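The structure appears below as structure tokens.
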Protein chains: 2
Amino acid sequence: MGHDRQDIHTSGIPVLCRSCEARHRGMCGVLDENELVTLARHTHKAHHAPGAELIGESVPTAAYANVMKGVVKLTKGLEDGRRQVVGLQFAPDFLGRLFGAHSAVAAEAASEVELCVVPRPALERMIAETPALEHRLMQQTLRELDEARDWMVTLGRKSAAEKLASFLLLVALHTDPEREEGAPIRFDLPLSRGDIADFLGLTIETVSRQFTALKTSGVIELTGLRTVEILSLDRLRARAG
Amino acid sequence: MGHDRQDIHTSGIPVLCRSCEARHRGMCGVLDENELVTLARHTHKAHHAPGAELIGESVPTAAYANVMKGVVKLTKGLEDGRRQVVGLQFAPDFLGRLFGAHSAVAAEAASEVELCVVPRPALERMIAETPALEHRLMQQTLRELDEARDWMVTLGRKSAAEKLASFLLLVALHTDPEREEGAPIRFDLPLSRGDIADFLGLTIETVSRQFTALKTSGVIELTGLRTVEILSLDRLRARAG
DNA sequence: CGTTTATTTGACGCGGTTCAATCAGTGTGG
DNA sequence: CCACACTGATTGAACCGCGTCAAATAAACG
């Protein structure tokens, strides 16, 4: 794990935080310089390869984290091996079940991931002392709840074709939030076919068939198994239900 | 709407709050006597019949509420009429999208419902002044997020039989949280077959068939269309996946 | 290269939807 | 009090979307 911390004695924004998205759009955005320095004394950067398990299902929460880079998938499993991906965390999303003894979900690196890890006591102390921080985390939690409920509609009421279209739109939005008008939309899928199936409540085979269906009808292009280009955003939206 | 408010000038717990579950297990549990009196000055009790729309989908949030009695269903709809129930709120759950301009879901009374309604500015003012209140609401929000993710597993990965068993367990737990060992479990369903179908991502017909399957195999008894008795909790659990 | 793993494609069957008819419960008016 | 309509639930039969099983292909890796 990255012990590349610098000495932080004087004021100024901590080195680790300089290029971190969480400082702008994430929870650290509500912290002033002093608070940032205080918190950064306890944090460290951690890098994980795809597939690495970050948090186990129903394991005591020892630390929280912010996603700095990459995508983390949150999953829940049934005893017999069936799995459901219940959320995707992009930078600068928060990781960990606040105030809970145990995590209700497992967290796994979907791509190469960089985390800013905060030990549980350090963050909870700062939350208790900084109402603005709890407020910010509340807003992020509410947004996650909205997203979860959106996805429940997809899982419960959409066809396989609509599910895949919805997924591609979701990833496209998170990957390239601000793109110039008319520019082609290209991105790498952060998930394997199997993970996508577990996210959509489908099988690998059905996901694959829907990919070829979208390809055949000229809505998307696949250059490499993981690289997608959206040829017609409108037609993709029309297929998302 | 119930204007049965008493004059509250001296200390003491407001009349409206005396028998309210929210004061014990809900958000009002963190308020002291003075705060309770202050908040109660702005609240009123509201009664709604089954089917009444409490909050429209993507309608500006004018007020929040606590469920005092009954069950409220949260739904999201697709343009073509498909609907998904994305949550059930029991007493003393909170109602309304905090800090959001619009509600992302519609809220509808599933049974006879009593609400304690708080105008938006009044509650947001008190939240800003009372960190403990925001903390409590945060915990309730986190629990709702856990429940939403649990249900995503049900929607995405379970069979129709498992879905209905999961639903019956969910309602049984919320209806009769503390029952004596070995007592028969009886309760009224707060939802019609159609609503259950929208909650489970199924059709009415499939829900009906699964009911008769559970009845035929002696796991449950149906006395009246809405009254359920669970004959074997263990066998029901085994069927919930 | 050969081996392994991920993805695609094909053939077939089943679970759940669809369409349609029947049944039960609830009013309503004669 | 009974016929009638109306709404919600159940039951039946046919269909089809997606899962299952199996094989082929393609990419990744030593």
Side-chain angles (χ1 to χ4, degrees), chain A residues 49-51 73 78 80-84 108 110-112 154-168 188-217 220-228 239 241, chain B residues 49-51 73 78 80-85 108 110-111 154-168 188-217 220-228 239 241:
Chain A
K73 58 177 204 268
L78 262 26
D80 61 6
R82 285 177 286 180
R83 284 162 53 89
Q84 176 68 44
E108 190 178 319
S111 62
E112 295 282 334
T154 300
L155 287 174
R157 286 305 185 199
K158 291 190 186 174
S159 69
E162 292 170 327
K163 283 177 175 180
L164 185 61
S166 302
F167 169 73
L168 291 175
D188 270 22
L189 294 173
L191 266 53
S192 70
R193 297 292 187 273
D195 287 336
I196 295 172
D198 283 340
F199 192 32
L200 299 175
L202 299 170
T203 60
I204 295 181
E205 293 92 328
T206 301
V207 170
S208 180
R209 279 184 246 273
Q210 298 303 332
F211 261 114
T212 56
L214 283 176
K215 212 170 42 180
T216 305
S217 56
I220 65 168
E221 181 94 19
L222 285 183
T223 58
L225 290 176
R226 290 275 187 124
T227 317
V228 177
R239 280 160 197 256
Chain B
K73 57 177 206 266
L78 262 28
D80 60 8
R82 285 177 286 180
R83 284 162 56 86
Q84 176 69 42
V85 174
E108 189 178 320
S111 60
T154 299
L155 288 173
R157 286 306 186 199
K158 291 190 187 174
S159 69
E162 292 170 327
K163 283 178 176 180
L164 184 61
S166 301
F167 169 73
L168 291 176
D188 270 22
L189 293 173
L191 266 53
S192 69
R193 298 292 187 272
D195 287 336
I196 296 172
D198 283 340
F199 192 32
L200 299 175
L202 299 170
T203 60
I204 294 180
E205 294 92 329
T206 301
V207 170
S208 181
R209 280 184 245 273
Q210 297 304 330
F211 262 114
T212 56
L214 283 176
K215 211 169 43 180
T216 304
S217 57
I220 65 168
E221 182 94 17
L222 284 183
T223 58
L225 289 175
R226 289 274 186 125
T227 318
V228 178
R239 279 158 199 258

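Since this is a predicted model, take the numbers as computed values, not measurements.
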Point to revise | side-chain N/O B:T203 vs C:dG16 OP1/OP2, d < 4.0 Å | key: no
Check your understanding: Would you say the side-chain atoms of A:R157 pair up with the backbone N or O of B:R82, donor to acceptor, closer than 3.5 Å?
Key -> no
Review point. Do B:L189 and B:F167 have side-chain heavy atoms sitting under 4.5 Å apart?
Key: yes
Check your understanding: Is a donor on one side and an acceptor on the other found under 3.5 Å between the side chain of A:Q84 and the backbone of A:D198?
Key -> yes
Practice item. Could you tell me the separation between the CZ atom of A:R226 and the P atom of C:dT8, rounded to a whole number of Å? Key: 11 Å
Revision key, fill the gap. Comparing A:V207 with A:R157, nearest DNA chain C nucleotide closer to 5' gives the residue A:V207
Practice item. Please check the phosphate of C:dT17 (OP1 and OP2 only) for any side-chain N or O of B:T206 closer than 4.0 Å. Key: yes
Check your understanding: How close or far is atom C1' of D:dT20 from atom CG of A:L202, stated in whole angstroms?
Key -> 14 Å
Exercise for review: Give the rounded distance in Å between these two atoms: NZ of A:K163 and P of D:dC18.
Suggested key: 8 Å
**Study point:** From D:dA27, C:dG16, D:dA9, nucleotide with atom closest to B:R193 side chain
**Key:** D:dA9
Exercise for review: Measure the distance from CG on A:L164 to C1' on C:dT7 and round it to the nearest whole Å.
Suggested key: 14 Å
Check your understanding: Counting distance only, does the side-chain N/O of A:S208 pair as donor-acceptor with the main-chain N or O of A:I204 below 3.5 Å?
Key -> no
Check your understanding: Once you round it to whole Å, what is the distance between P of D:dA27 and CD1 of A:I204?
Key -> 17 Å
Point to revise | Rounded interatomic separation in angstrom, taking CD from B:E205 and P from C:dC23 | key: 17 Å
Review point. For B:R209 and D:dA9, what is the distance between atoms CZ and C1' respectively, to the nearest whole Å?
Key: 12 Å
**Study point:** Listed nucleotide nearest any side-chain atom of B:S208, set D:dT20, C:dT17, D:dT11
**Key:** D:dT11
Point to revise | A:E221 (side chain) donor-acceptor with A:K215 (main chain) under 3.5 angstrom | key: no
Check your understanding: How many Å lie between CG on B:L222 and P on C:dA24, as a whole number?
Key -> 15 Å
Practice item. Report which part of the nucleic acid B:G201 touches: base, sugar-phosphate, or nothing (heavy-atom distance under 4.0 Å, all strands). Key: sugar-phosphate
